2 protein chains.
Amino acid sequence: MPSQLSRSLIKNLDLFRALPDDALDAALQHAQVCRLAEGEAAFHQGEEATRFFVLLHGHLKVVQITPEGEQIVVRYVNPGDVFGIARAMRRSHYPASTIAVQESIALAWPSSEWDQFVSGNPHFASNALQTVGQRLQDAHSRIRELSTEEVEQRVARAILRLVDQSGEETPEGIQINFPITRQDIAEMTGTTLHTVSRLLSAWKERGLVNSGRKRIVVCAMDELIRLAEGPAQTPAGQSAATRGVG
Amino acid sequence: MPSQLSRSLIKNLDLFRALPDDALDAALQHAQVCRLAEGEAAFHQGEEATRFFVLLHGHLKVVQITPEGEQIVVRYVNPGDVFGIARAMRRSHYPASTIAVQESIALAWPSSEWDQFVSGNPHFASNALQTVGQRLQDAHSRIRELSTEEVEQRVARAILRLVDQSGEETPEGIQINFPITRQDIAEMTGTTLHTVSRLLSAWKERGLVNSGRKRIVVCAMDELIRLAEGPAQTPAGQSAATRGVG
DNA sequence: CGTCCCGTTGATCCCTATCAAATGTAGTGG
DNA sequence: CCACTACATTTGATAGGGATCAACGGGACG
């Protein structure tokens, strides 16, 4: 049975906020603790969706494999996030794999418990709807970016988002809180590790970032934000060359 | 107040299936009929999300505009689909515009009614979760396609999906049921109208499709499906040339 | 019958994937 | 402590898929 520690963590999650204390305790009675080593999967794409999870500690990535064997990163799971809720959307199998990128700890419930949570508290499904709605919006943002933006903007945006979610202050700047490779970023942005490497090298040259093996630090957020917003706009009557002159 | 006709239509929608008859009638009491001319919007991106809708007749497209003014098509709304449910996901404003591509009729409810539907029947939110979950999956499929596939595959897939949802048998083949331009398809697949036009021309040459102004007919589904699945795979020990020989 | 949209087609260019190879870095076992 | 291995990263060279620029053709509708 999960420790008392879990209780205070869970209690503050959006999804569980609606549950009264006794219902919460009852819920925790049925939870299993799930420890994952780096590289280990909580579940695999295509498996029957027997459980759903809350991440307590660590970081996971959600990946889909295409029929051709290429991989894409759907999203990163941060502590406090719910994942594996396929069954709640009436999908019998997980649509993606979820893999620990570092040592992680999660709580797991049998999917069958979901309905009890819902019937126990009417706000529960509604909270889940909000969570999924947010993910849908994020997905649409990504579609928009993939459709209309260039690689440099997309990579800049991806890194900014990771920093927002999991940034950690360091003397050098703000660092992404978990190990992440060029390949990972490529799989998030629809490009190749080569292109990502070239971009990071160029940015390092200009002092925007600092990076090494599985590690990225952003030194100049503002500059990176400018990159993410795209090539300098040329409003009516101005050309890039004449802007700011006069 | 909506006609008796609406009732039998609504009754069979996934979202409303859970409502008992009397609740359904009560719901219909509060519904407004919303008629849209071609090109007219049910609502615009950024507006406050005051209503949600069910499409009874016609076709709508959901579009997002980027800060740079480029447009993308998020999805098409078919008769029976729910749309404009931003508020149910606790978003106060619509994240996209929804525009009739032909004369259409919808039912509309004030967003405030949503909570009553939910409290009136616990399955309601759960049904909505399923709907949104399906959309999330679709969005992830699109992300995967934009990330890993070539333009020809993506366009083929987009057309096949439209045909699946709104195909109509004709002597020539299966026709997409509503007016759609090269530009629209470009905005669905992250390419340009020029490239779409070239592809359709090439396919017409090969007898796969037939198309004209705002009109696309698929003559050879199987061939198009093959295109959508990508360039011929060459599994270990086989070349495309030798496959199937022997 | 003219005008507006939509579609077609050519020519050109450039971003970025791909191919190829070297370098660097953490971890492991002797 | 060092050699060895596995994996991450960097960097160069090249090619090609599509975007972009430009112009024309054609059907619908007032």
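The chains referred to below are lettered A, B, ... by the order of the sequence lines, with proteins before strands, and numbering in each begins at 1. What you are looking at is a predicted structure, and each value in this text was computed from that prediction instead of being measured.
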Output side-chain donor-acceptor pairs under 3.5 Å for residues 197-206 of chain A, partner residues at least two apart or in another chain, one line each.
unit_1	atom_1	unit_2	atom_2	d
A/Ser201	OG	A/Ser197	O	3.0
A/Trp203	NE1	A/Glu152	OE2	3.1
A/Lys204	NZ	A/Ser211	O	2.9

Distance check needed: [N] [atom2] versus [X] [atom1], whole Å only.
| X | N | atom1 | atom2 | answer |
| --- | --- | --- | --- | --- |
| B/Glu38 | D/dA28 | CD | P | 14 Å |
| B/Lys214 | C/dC5 | NZ | P | 10 Å |
| B/Arg215 | D/dG26 | CZ | P | 17 Å |
| A/Ile185 | D/dA8 | CD1 | P | 14 Å |

Summarise protein proximity over nucleotides 10-20 of chain D in one line of letters, 5' to 3': B for base, S for sugar-phosphate only, - for none, counting protein heavy atoms closer than 4.0 Å. BBBB----SSB

Donor-acceptor pair, [X] side chain versus [Y] backbone, under 3.5 Å?
| X | Y | answer |
| --- | --- | --- |
| B/Arg182 | B/Val196 | no |
| B/Ser97 | B/His44 | no |
| B/Arg91 | B/Ala86 | no |
| A/Arg154 | A/Glu149 | yes |

List the atom pairs, with distances to 0.1 Å, where a side-chain N or O of residues 33-43 of chain A and a protein N or O form a donor-acceptor pair under 3.5 Å, not counting sequence neighbours.
unit_1	atom_1	unit_2	atom_2	d
A/Glu40	OE1	A/Ala37	N	2.8

Distances under 3.5 Å between nitrogen or oxygen atoms of protein and nucleotides 25-29 of chain C:
unit_1	atom_1	unit_2	atom_2	d
C/dT25	O2	A/Arg213	NH1	3.4

Which pairs, with at least one residue in residues 152-175 of chain A and sequence neighbours excluded, count as a ring pair (Phe, Tyr, Trp, His ring centres under 6.0 Å)?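 Qualifying pairs: none.
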
Let me see the working for B/Thr181 and B/Asp184 under side-chain hydrogen bond (donor to acceptor under 3.5 Å, both in side chains), right down to the final yes or no. CA-CA 5 Å; B/Thr181 67; B/Asp184 289 326; 3.1 Å; yes

Among residues 59-67 of chain A, which residues get a heavy atom nearer than 4.0 Å to DNA chain D?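 Those residues whose heavy atoms fall under 4.0 Å from DNA chain D, taken from residues 59-67 of chain A, amount to none.
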
Non-neighbouring partners of A/Asp81 that pass salt bridge (charged side-chain N to carboxylate O under 4.0 Å, His left out), sequence neighbours left out: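 So A/Asp81 forms no salt bridge (charged side-chain N to carboxylate O under 4.0 Å, His left out) with any residue.
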
Taking only residues two or more places apart in sequence or in another chain, which ones pass salt bridge (charged side-chain N to carboxylate O under 4.0 Å, His left out) with B/Glu172?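 Per chain and number, B/Glu172 pairs via salt bridge (charged side-chain N to carboxylate O under 4.0 Å, His left out) with B/Arg215.
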
The helix from C/dC1-D/dG30 to C/dG30-D/dC1: angle between end helix axes, five pairs per end, rounded to 10 degrees: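 One end's axis against the other's: 40°.
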
Contact list for residues 45-58 of chain A, test salt bridge (Lys or Arg N to Asp or Glu O under 4.0 Å), sequence neighbours left out: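 Pairs touching residues 45-58 of chain A that pass the test: none.
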
With a cut-off of 3.5 Å and sequence neighbours excluded, list every side-chain donor-acceptor pair involving residues 72-80 of chain A.
unit_1	atom_1	unit_2	atom_2	d
A/Asn78	OD1	A/His59	NE2	3.1
A/Asn78	OD1	A/Ser166	OG	2.8
A/Asn78	ND2	A/Gln165	OE1	3.2

Not counting sequence neighbours, which residues clear side chain to side chain donor-acceptor pair (under 3.5 Å) with B/Gln64? List them please.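 For B/Gln64, the residues satisfying side chain to side chain donor-acceptor pair (under 3.5 Å) (neighbours in sequence not counted) are A/Arg144.
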
